[in-house]
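Contents: one structure, followed by commentary.
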Amino acid sequence: MNVEALSRWYGHEARDLPWRATSDPWAILLSEVLLQQTQVARGLEYWRRLLDRFPTVGSMAEAELDEVMHLWQGAGYYARGRRLHALAVEVSDPSGPWKGVLPSPSTCDDVVAGFQSLPGIGPYTAAAVASIAHDVPAAVVDGNVRRVVARQTGVHEPKPADVSSLAQTWMDDAHGHGVAPSVWNQAVMELGATVCRPRAPHCSACPVQEACTARDHPDGVHAFPAPAKRRTKTERLVALVDVDAEGRPHLVQRPTSARFGGLWGPPYLPANDASLVKAQKQRSKAGDVVHLLSHRRLEVEVWVGHTERGMDPASKALSTLDERVLQTAKKA
Ligand code: SF4
């Protein structure tokens, strides 16, 4: 890997993203948590929205979880919002080790380990924030980096330990050539996101094409890395939407350990639940909603009944699935 060519390329071609213009660890942490499972354009919208309301870790700690989840609504992977709030509370705890300040070289010896000790922070986010905010030379490994490693080395299914090890070797080499860790990590990820793309790699524009094994490999670039075998499970559910005379549904808050934990929605039962027969006798079917999650297909029957008193769904944080379920109930 020609580390100088890649860092030069990044200097000219990097996308202009607002979290790249700050060294505030909280703003960078927020961007990293959001971008893990959200596309950049959408992540940008949520990043602005959250940072506007919670400019500091302390301001999120002071807020109710409900408010954080409301702002997170629509971003998906809601556990991230819950854990971020838990992280803010833990960092801001006056009797805890952090006293309101995120891990930094002035507060702990090992910044990466410091971040990893916080709720919801794994090796990727810890290395990303430590390197981008504090220039700690810790290599990140995400899907983009894994793909670049697999293609550069021509290994179909690189082992996680080998990917981490090579990514760190590149980082050390770059650091030795005077490239800042924040620049290097972002350069490799940017290459994977914009040039060494999963489906349509743009090899002729690649700054490190000379060292690439996959480029002219007889199996073709797309064979690296080998596509992951995905199994999608189907889950059948019944949503019981009881509405009052004004059309407002009865909503419950999902337990934090459940799917969409912390969000609100109508009660659900598994389609084979013994109590369903009685529940359906008191309601009528309004329709079906099929909703796809990353590894799950949810097939939801929507049944509508009556309640004395519902609540305004606009005042609650709902998942996209529950918004669709309520829409289906409303149409009936
Ligand atoms: S030459 Fe092509 S396959 Fe190789 S790293 Fe560059 S973009 Fe990826």
Side-chain angles (χ1 to χ4, degrees), residues 1-17 19-20 31-32 34-44 122-132 135-230 294:
M1 169 72 85
N2 184 335
V3 294
E4 283 168 316
L6 182 53
S7 52
R8 234 184 352 259
W9 168 85
Y10 180 74
H12 294 129
E13 304 292 335
R15 288 167 294 174
D16 184 13
L17 298 169
W19 44 81
R20 289 182 172 161
S31 74
E32 289 300 334
L34 275 166
L35 291 175
Q36 275 164 36
Q37 279 124 340
T38 306
Q39 303 228 322
V40 170
R42 209 161 164 67
L44 187 57
Y124 166 79
T125 312
V129 183
S131 63
I132 297 170
D135 264 329
V136 174
V140 292
V141 175
D142 69 347
N144 288 319
V145 175
R146 181 173 181 267
R147 187 166 56 258
V148 172
V149 166
R151 290 176 176 173
Q152 283 279 311
T153 57
V155 178
H156 289 93
E157 293 184 50
K159 293 193 184 101
D162 294 341
V163 175
S164 302
S165 163
L166 184 55
Q168 190 59 48
T169 302
W170 287 346
M171 164 64 84
D172 295 341
D173 189 16
H175 202 200
H177 280 82
V179 180
S182 58
V183 169
W184 179 253
N185 269 342
Q186 294 190 86
V188 185
M189 290 192 283
E190 187 80 350
L191 183 76
T194 63
V195 175
C196 194
R197 298 170 298 206
R199 283 189 207 92
H202 195 183
C203 296
S204 60
C206 178
V208 288
Q209 55 184 283
E210 277 163 28
C212 186
T213 311
R215 192 183 174 195
D216 299 316
H217 197 282
D219 291 351
V221 173
H222 296 92
F224 304 91
K229 296 172 199 96
R230 274 200 165 191
S294 56

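Indexing begins at 1, ligand by ligand and atom by atom, following the structure's order. Owing to the predicted nature of the structure, the values given are computational and were not obtained by experimental measurement.
In this structure Val141 satisfies the side chain to side chain contact (heavy atoms under 4.5 Å, CB included) test together with Val163, Ser164, Ala167, sequence neighbours excluded. By the side-chain hydrogen bond (donor to acceptor under 3.5 Å, both in side chains) test, His202 pairs with no residue at all, sequence neighbours left out. Residues satisfying the side chain to side chain contact (heavy atoms under 4.5 Å, CB included) criterion with Asp216, sequence neighbours excluded, are absent altogether.
Listing protein N, O or S atoms at distances below 2.8 Å from atom 4 (Fe) of ligand 1, with waters left out, gives Cys212 SG.
At least one side-chain heavy atom of Val221 sits under 4.5 Å from a side-chain heavy atom of Cys203.
Gln152 CD to Thr213 OG1: the interatomic distance, rounded to the nearest 0.5 Å, is 7.0 Å.
Asn144 places no side-chain N or O within 3.5 Å of a backbone atom of Glu190 that could act as its donor or acceptor partner.
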